[in-house]
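Every chain is numbered from 1 and lettered A, B, ... according to where its sequence line falls, protein lines coming before strand lines.
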Amino acid sequence: MNDLLTAAVNQILIKGQFVVLVYFLAVNGWYLVLLVSSLVEMRRHMLLIADESRHLLLSSTLSPSISIIAPAFNEEATIEASLRALLALQYPSLEVIVVSDGSKDRTVEVLTERFDLVPVKTIYQQRVVTKPVRALYRSATYPSLVVVDKENGGKADALNVGLSFALGELVCAMDADTLIEPDGLQRMVRPFLFGTDVVATGGTIRVVNGSEVKFGRVVKTRVPVNPLAGMQVVEYLRAFLFGRLGWNRLGGNIIISGAFGLFRRESVLSAGGYLHDTVGEDMELVLRLKRFSYERGGPGTIAFVPDPVAWTEVPESMKVLGRQRDRWHRGLADVLWRHRRMLFNPRYGVTGVFVFPYYVFVELLAPVIEAAGLISLALGLAFHVVDWSFAGLFYLTAYGLGTALTAFTLILEDVSFHRYDSFRDRALLFWWALLENLGYRQLTVYWRLRGLLKFLLGRKDWGAMERKGFQKPVGAVGTH
Amino acid sequence: MVNEHLLNGVMFVEIALLVLAVGVFFTHGLWLFLNHRRVLRLTETARESLARLVTRGTINVEDIELLRQLRHDVQVTVFLETSRNLTGSGKERLRFVAHEVSLLDRARKLCESRLWTRRLRGARLLSRMDVTDPIVVKLLADPNAAVRAQAAEWAAAQPSAAIISTMLTMLADPATQARFAVQDALLRMGTMIAEPLAAFLETHTGQPAESGMRVAGAIGSAAFLPAANRFSADEDVSVRVAATNLLSAIGDVSSAERLTVLLKDQDLRVRAAAAHGLGRMRHWQSGSQLAECLRDSAWQVRREAGLALRAIGAPGALLLRRALKGDDRFASDMAQQVLDLPEAAAAL
């Protein structure tokens, strides 16, 4: 009986290993397709923007107006520099709405003093249900500045309040710790000018850690020496440059970073704004907009601009990073569950048939399969069911191919925007790319699994995000 | 359990890929570094030569030769950056030098290429140098929207009757990119397009007319009045909104009268645009109608009416204060908000 059981366990371990191996081969194969797709897209993009006169857009009265919605929560120390950087963005028709989400510090007082704010009667057209607005301010110096003070309700609620006040054709939603490039909006608005079907655009977000920041602007780009931040630089490059850009070409983007995204205001309002009861409100909104475009008609293209348009600070402590990844994965699970009827549903076109299943089977379930593979490999080795040569093959397939693909992403960055130009930065980038497979990636698997478990248990907390801050003066309007 | 050959094979492929990636990455980095230094050096010398040729107005064969032998990308960079800051005779001399160093010939050849990316580059070059060349006119009908848009950008500086006529037909371009570029180019041509655009609006309807009215709205000539009046009764709401905006841009007595009528339009966007227009015109005579709009069922209309009343000065302020004491809470709240606004934020 014991022998039979041992044989059965052995068979499960061996077959399980092969399933995991095939899964990794399939996933890396798909990544290769995405990489090729992003190469084609990047080349086309670079040809389109070479010697382009974006200044024409700046002076054109026909450019669509943009309202930036900047949620702020206890930002008294950083709000002035952040807001000055936003007001100095290069765009002809710009409105900046700062929403203080129940700040308990002097955020509103600082704004009032530094930006010459005066209180005005608080009435507005509430098109999305939100927490009550306490006060509304307008600036006597900056006509395009609106400051809203509201009761605390979270980032989604603050953005919804901002949507009610926004007058621009397009709204730009930004996140905590986001620094926008001076010409970022000009770059982001391009898809809206070039296509009537575009409902939202996202751009490449880069990691600011290690770089030099002055007056809310990144003045010198550098790869961080902190291992956690360094490996996230590589991760971000991979996610944006070959993930989203690749999907862009294949017509199936469904993610826009919450750090910086541009949306058609009317479409967002018609869809009901941001959802409050999810931790993945950014992705949820984008997927909802996409879904509604199939169900109700109207614009539905989610465009991705590969230009580096904004910078964000990433966590440098394991605890905070773990919380962030856990939350991201919970958000992903929640969003996919909410829109589960899109899965393999031809009614939703490419999104239903290819993109949604990709996010379920690759993005959502990857940590489960990866963990199962690693655990069964360890067990297999311990019980001499699998040999070291198989373990080697497993590791090479699971991680080696991934490293090679990452290396090609670095090349893609280098031939396009080459923001990391010194030898030191190149060496560091490569070093982090090699090192991320030795521990960091396994940690992210653990964090994501934890997120999945919490989702199954129904947890919806955000967890505190501690920020180290940029070099003075600091520069980001942020929240929570 | 696993064939050793398979394992070795996979390992070999991965190592090869990694070595290749490392090689390409660092070699490219080195090339970028060396190239950057070389380009900087070449650019500096080329700038000096070009500056001498453009400012002195005399032809120095050595300078021409130096520019002719420059790397193509550096040549383009130097000419384009110089072109941005020149007009009139300076730009004329720049074009002459560009012709002498064969830059313009090369751009023309690019415009004839079968590849749209090259045609785009050629059109961009000729456009940024303000070169009058019939080859770019052909590109206004290019199959690629990006090329058409670039040609339209070029056309902004070449406002001949034939080009204006072609550009007007492009207001119906199916590609948004080209349409935006055409509208922007027509706008840059200024008042000289007023008559042809007015004629165009007389014979077109729908989306082309709407695009045309957006341009007309930025020019604001009285020549557009018949079209604006006609389209302000159009069935399509977006056309009516464009016509309302055009009426407020024209800003004469008859357009004000029409705008006052439009304050009672069935669509809130038209009513809001009409209120905005009357405020923009500081049309104090329509103060009572605007005050009536403070009671409108639509928030946007109430807001625009309030701002318009504030914009028309003392009579408007009086009406706003009267609304504060009125029985309509919505009107009173809006009046209060508008009166609270600082001067800068209340401007239309």
State, with a plain yes or no, whether a side-chain heavy atom of [X] is found less than 4.5 Å away from one of [Y].
{"X": "A:V120", "Y": "B:V338", "answer": "no"}
{"X": "B:L186", "Y": "B:L171", "answer": "yes"}
{"X": "A:P64", "Y": "A:V189", "answer": "yes"}

Side-chain atoms of residues 404-417 of chain A: list all donor-acceptor pairs with protein atoms under 3.5 Å, sequence neighbours left out, distances to 0.1 Å.
residue, atom, partner, partner atom, Å
A:T406, OG1, A:R238, NH1, 2.9
A:T406, OG1, A:G402, O, 2.8
A:T409, OG1, A:L405, O, 3.0
A:E413, OE2, A:R206, NH1, 3.0
A:E413, OE2, A:R206, NH2, 3.0
A:E413, OE2, A:R419, N, 3.3
A:D414, OD1, A:R426, NH1, 3.0
A:D414, OD1, A:R426, NH2, 2.9
A:D414, OD2, A:R426, NH1, 2.8
A:D414, OD2, B:H28, ND1, 2.5
A:S416, OG, A:L412, O, 2.6
A:S416, OG, A:E413, O, 3.2

Heavy atoms only, distances under 4.5 angstrom: which of [options] has the most pairs with chain B? Name it, please.
{"options": "A:R138, A:Q125, A:R44, A:H418", "value": "A:Q125"}
{"options": "A:L48, A:T122, A:V118, A:D116", "value": "A:L48"}
{"options": "A:L47, A:D421, A:I123, A:T403", "value": "A:I123"}

Any chance CZ of A:R424 has more than 12 other-residue heavy atoms, nucleotides or ligands included, within less than 6.0 Å?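 Atom CZ in A:R424 is packed in, count exceeds 12.
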Indicate yes or no for a side-chain donor-acceptor contact from A:S67 to the backbone of A:G168 under 3.5 Å, with no hydrogens or angles considered.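 Judged by distance alone, yes, a pair lies under 3.5 Å.
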Can any side-chain N or O of B:R302 pair as donor or acceptor with the backbone N or O of B:R295 at less than 3.5 Å?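 Absent.
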Can you tell me which portion of [X] sits under 4.5 Å from chain A's heavy atoms? Options are side chain, backbone, both or neither.
{"X": "B:R121", "value": "neither"}
{"X": "B:A175", "value": "neither"}
{"X": "B:Q336", "value": "both"}

In terms of the angle between their ring planes, are A:F423 and B:F26 parallel, tilted or perpendicular, with boundaries placed at 30° and 60°?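 Taking B:F26 first and then A:F423, their aromatic rings sit tilted (interplane angle of 30° to 60°).
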With rounding to the nearest 0.5 Å, note down the distance linking CZ in B:F330 to OG in B:S297.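 Taking CZ in B:F330 and OG in B:S297, the distance rounds to 10.0 Å.
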Select one option (side chain, backbone, both, neither) describing which atoms of A:L136 are under 4.5 Å from chain B's heavy atoms.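 Side chain only.
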Using non-hydrogen atoms only, which part of A:L167 is less than 4.5 Å away from chain B: side chain, backbone, both, or neither?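 When you check distances to chain B, only side chain atoms of A:L167 fall under 4.5 Å.
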With a cut-off of 3.5 Å and sequence neighbours excluded, list every side-chain donor-acceptor pair involving residues 12-24 of chain B.
residue, atom, partner, partner atom, Å
B:E14, OE2, A:L401, N, 3.3

Start with the C-alpha distance between B:R271 and B:D267, add both sets of side-chain angles, then the distance that settles salt bridge (Lys or Arg N to Asp or Glu O under 4.0 Å), and finish with yes or no. CA-CA 6 Å; B:R271 297 200 299 274; B:D267 191 275; over 6 Å; no
When heavy-atom pairs shorter than 4.5 Å are enumerated against chain A, which of B:D333, B:L187, B:L125 gives the highest number?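 Maximum pair count with chain A is reached by B:D333.
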Can you name the nearest heavy-atom pair linking B:A323 to B:L294, along with the distance?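 Taking every non-hydrogen atom into account, CB-CD1, 3.8 Å.
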Report, in residue-number order, which members of residues 75-83 of chain B are under 4.5 Å from chain A by heavy-atom distance.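 At a heavy-atom separation under 4.5 Å, chain A is reached by B:V76, B:L80.
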Who in residues 429-437 of chain A is close to chain B, using a strict under-4.5 Å heavy-atom cut-off?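 Residues of residues 429-437 of chain A touching chain B at under 4.5 Å: A:L429, A:F430, A:L434.
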Assess the residue pair B:R269 and B:E304 against the criterion (salt bridge (Lys or Arg N to Asp or Glu O under 4.0 Å)); give the C-alpha distance rounded to whole Å, side-chain angles, the decisive distance to 0.1 Å, and a yes or no. CA-CA 10 Å; B:R269 282 167 290 174; B:E304 290 300 342; over 6 Å; no
Between A:R190 and A:E52 (salt bridge meaning N to carboxylate O under 4.0 Å), is one present in this structure?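 So A:R190 pairs with A:E52 through a salt bridge.
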